[in-house]
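Step one of this worksheet: look at the structure below.
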Amino acid sequence: MIMVWMLRWMILVQVLSVTFLLCLTYPDKQNGNHFAPMCSKGEYITGHHTPLSTDLVRGIVNSRPVVNFYRLITSLKRGYSLTHALNIFHMLGFVHQESHRTQWDVLWAHESPFISGNLTNKVHHNQKVSQVPGMQQITHKAKLTTQGGLKYVPKSFLIPQQKLNFLEEVKKNKHKNRLWMQKNIEHRGNQVKKLQELDLNKESIIQEYISNPYLAQGRKMSLGIYVIVTSVDPLRVYIVDTKYVIRCTSKLYDPEDFTDPRTCITDGVDQSNAANFRLELEKGKDQITVKYKYKEDTGSNVVFAREGYDTYWIQSQLYDAVRDVFEQKWSSIKRIINPTKRDSFFCITRWDFVPDEDFNLHLLEANMSPNMPDAEHPFYVSFFTSTLYSLLRISGVGDIRKNNSTRPSYIIRDSDVMLNSIPSCYNSSNISCDNTEYLLCPQCMTQSQVEMLKSLVFEHLNRHDMKRVFHTQRMDDFSSNNTQRVNINLGSSFDLYHDWLSHKCQLDVYWCY
């Protein structure tokens, strides 16, 4: 009998505990406050008729981690959607703060917060910022496209500074009847023009126009992927795998008429036809997708495969393009980050590609903190939500608790990063740590190297549907079009991290990508 009563009391305590936690995070939709605790308004806990103490609730709420939305009002006025971010942070137990005070755990920024003030050095080691200093080397269109050397970026020139270079390029390839896109420095006002129509004295970017595009039901299409950076040194970059943001021109493509941007430019135009394109492909003409009920964000791969395109080749190009950019821009980004603060920054960017008729991909731009508006892309709601959730999990934000360190050392053990697959580490009595053969031996790894690898293990366990951009050799062979890459200079920390992954890959293919 005593055991029965004890069991009943244990069940009652668990029910009351769960109800108590739920009431703390119940959204106050009537007052428009996503973070107001229900019980603080005088609501009743199940089984009781006395409201929970307001002081007690306030104390518990004050112990919850704080997210500060940088320049919130300015971002909203510019049309930046925060719906998904607010919902995800609320789900993870965060309290929203709009003030400019520094007592926050996460700074969520659409615009760069590094322009004014020295946030790069002031951020505390327990704080996280959703921007990476120096990423403007990639997200600034002129810096990405006009400095040359990137094999997936169409020929681009900064005018008038590179006017002579442009004229030389035209002269060298005068037999080609090429079209050009001229856009201002703010990435607006895009126009497709013939050579004689270009204004070479106007401050702008001139980029070769892809005049033989892949057409989706007669419309020009762009393909966007999300790229996530969790560390610069060592460089750790991820792609949300096999999921694309598809955008189409709102009118049919006309190869003879480029005066109407709605027929030839996918950026900044009405996106309603992109939704129609997806729905028609998945419900009307593509019976494979309907039959197996592919998700909206992955069904496009089925369509491309049905049309005869190699989806592995598409994926190979995406990864190769991102690798190519980071290999060339890494040193410029690394110089800007304070080494003691390198674990405080992470970011998400959207990279937009235009496929030509052979599905060769051409990189147009990388967007910093890309907008995810429901109004323009209602069919991507679940994709946006899952992507942001995965971002916060892999970056460690999802594990933040008030005034607690988020470093993986609190979750991952030292033994989790020690390799047992290197016989020389255990069979030799004369180990020299100056010899590269022994760098991954437990006797030779420094504590900072152990912490670095623990961060890698933490991300590996929390990456969901993301894959590493710099994967190891076994994964590099997944496509015959993906050749071995050699002499990558991304620093000694990257070399150690990549060698460690290679050993893990040989034991378990899950570590290869």
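As a basis for the values below, the full set of heavy atoms in this structure was taken, side chains included, without hydrogen atoms, waters or symmetry mates.
Residue I246 holds its CD1 atom at 4.5 Å from CG of L223, rounded to the nearest 0.5 Å. Note that the CD1 atom of I348 and the CD1 atom of I228 stand 4.5 Å from one another [nearest 0.5 Å]. Atom CZ of R350 is separated from atom CE of M368 by 12.5 Å, given to the nearest 0.5 angstrom. The distance from atom CD1 of I336 to atom OG of S331, rounded to the nearest 0.5 Å, is 10.0 Å. Taking SG of C512 as the reference point, atom CD of Q506 lies at 6.5 Å (rounded to 0.5 Å). Atom CG of D352 and atom CD of E365 lie 5.0 Å apart (nearest 0.5 Å).
At least one donor-acceptor pair under 3.5 Å links the side chain of N87 to the backbone N or O of T83. Side-chain atoms of K334 never come within 3.5 Å of backbone atoms of D233 as a donor-acceptor pair (strictly under, hydrogens ignored). Between the side chain of R323 and the backbone N or O of V469 there is at least one donor-acceptor pair closer than 3.5 Å. Using a distance-only test at 3.5 Å, with no hydrogens or angles considered, a donor-acceptor pair links the side chain of D105 to the main chain of V66. In this structure, Q127 contributes its side chain and W104 its backbone to a donor-acceptor pair below 3.5 Å. D320 places no side-chain N or O within 3.5 Å of a backbone atom of S316 that could act as its donor or acceptor partner. The backbone N or O of C425 lies less than 3.5 Å from a partner atom in the side chain of Q443, making a donor-acceptor pair. A donor-acceptor contact shorter than 3.5 Å is absent between the side chain of K467 and the backbone of Y513. Between the side chain of K128 and the backbone N or O of D343, at least one donor-acceptor pair lies under 3.5 Å. Side chain of R247 to backbone of S222: no donor-acceptor contact under 3.5 angstrom is found.
With sequence neighbours left out, the side chain to side chain contact (heavy atoms under 4.5 Å, CB included) criterion links H464 to Y389, S390, R393. For Q317, there are no side chain to side chain donor-acceptor pair (under 3.5 Å) partners at least two apart in sequence or on another chain. Residues passing the ring pair (Phe, Tyr, Trp, His ring centres under 6.0 Å) test with Y238, sequence neighbours excluded: none. For W351, the side chain to side chain donor-acceptor pair (under 3.5 Å) partners are T349, not counting sequence neighbours. Partners of T230 by side chain to side chain donor-acceptor pair (under 3.5 Å), not counting sequence neighbours, listed by chain and number: E459. Scored by the side chain to side chain donor-acceptor pair (under 3.5 Å) test, R468 finds H460 as partners (sequence neighbours excluded).
Residues Q328 and D324 meet the side-chain proximity criterion, which asks for heavy atoms closer than 4.5 Å. W500 places none of its side-chain heavy atoms less than 4.5 Å from the side chain of Q449. Side-chain contact between I225 and Y244 is present, with heavy atoms from C-beta onward closer than 4.5 Å. In this structure the side chain of D499 reaches within 4.5 angstrom of the side chain of L440, judged on heavy atoms. In this structure, Y497 and L490 have side chains that are not in contact, with every pair of non-hydrogen atoms separated by 4.5 Å or more. Residues N360 and W313 are in side-chain contact: their nearest non-hydrogen atoms beyond the backbone lie under 4.5 Å apart. Contact of the Y319 side chain with the D241 side chain is registered, since non-hydrogen atoms from C-beta on lie closer than 4.5 Å. Taking the side chain as every heavy atom from C-beta outward, F326 and V227 approach each other to under 4.5 Å.
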Using side chain to side chain contact (heavy atoms under 4.5 Å, CB included), reason through F89 and V397 one step at a time and then give a plain yes or no.
CA-CA 9 Å; F89 276 111; V397 170; 3.9 Å; yes
Worked check of side chain to side chain contact (heavy atoms under 4.5 Å, CB included) between M418 and V450
CA-CA 9 Å; M418 299 304 170; V450 171; 4.1 Å; yes
Check against side chain to side chain contact (heavy atoms under 4.5 Å, CB included), L361 and Y214
CA-CA 10 Å; L361 296 180; Y214 166 83; over 6 Å; no
May I have the step-by-step check of side chain to side chain contact (heavy atoms under 4.5 Å, CB included) for W108 and L86, ending in yes or no?
CA-CA 10 Å; W108 187 263; L86 284 166; over 6 Å; no
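Heavy-atom minimum distance, G396 versus F458: CA-CE2, 3.7 Å. Across all non-hydrogen atoms, the minimal contact from Q131 to C347 is CA-CB, 4.1 Å. Across all their heavy atoms, I88 and L392 have their closest contact at CG2-CD1, 3.4 Å. The heavy-atom pair separating I333 from P133 by the smallest distance is CG2-O, 3.5 Å. For the pair L388 and A85, the tightest heavy-atom approach, listed with the atom from each and the gap, is CD1-N, 3.7 Å. When all heavy atoms of P113 and V129 are compared, the closest pair comes out as CG-CG1, 4.1 Å.
Using cut-offs of 30° and 60° on the angle between ring planes, the pair F69 and H96 is perpendicular.
Between C433 and C444, the sulfur-to-sulfur (SG-SG) separation falls under 2.5 Å.
A centroid separation of 6.0 Å or more is found between the aromatic rings of Y309 and F304. Within the 6.0 Å centre-distance limit, the rings of Y226 and F383 are counted as a close aromatic pair. Annotation: W330 is not in aromatic contact with F494 [ring centroid separation under 6.0 Å not met].
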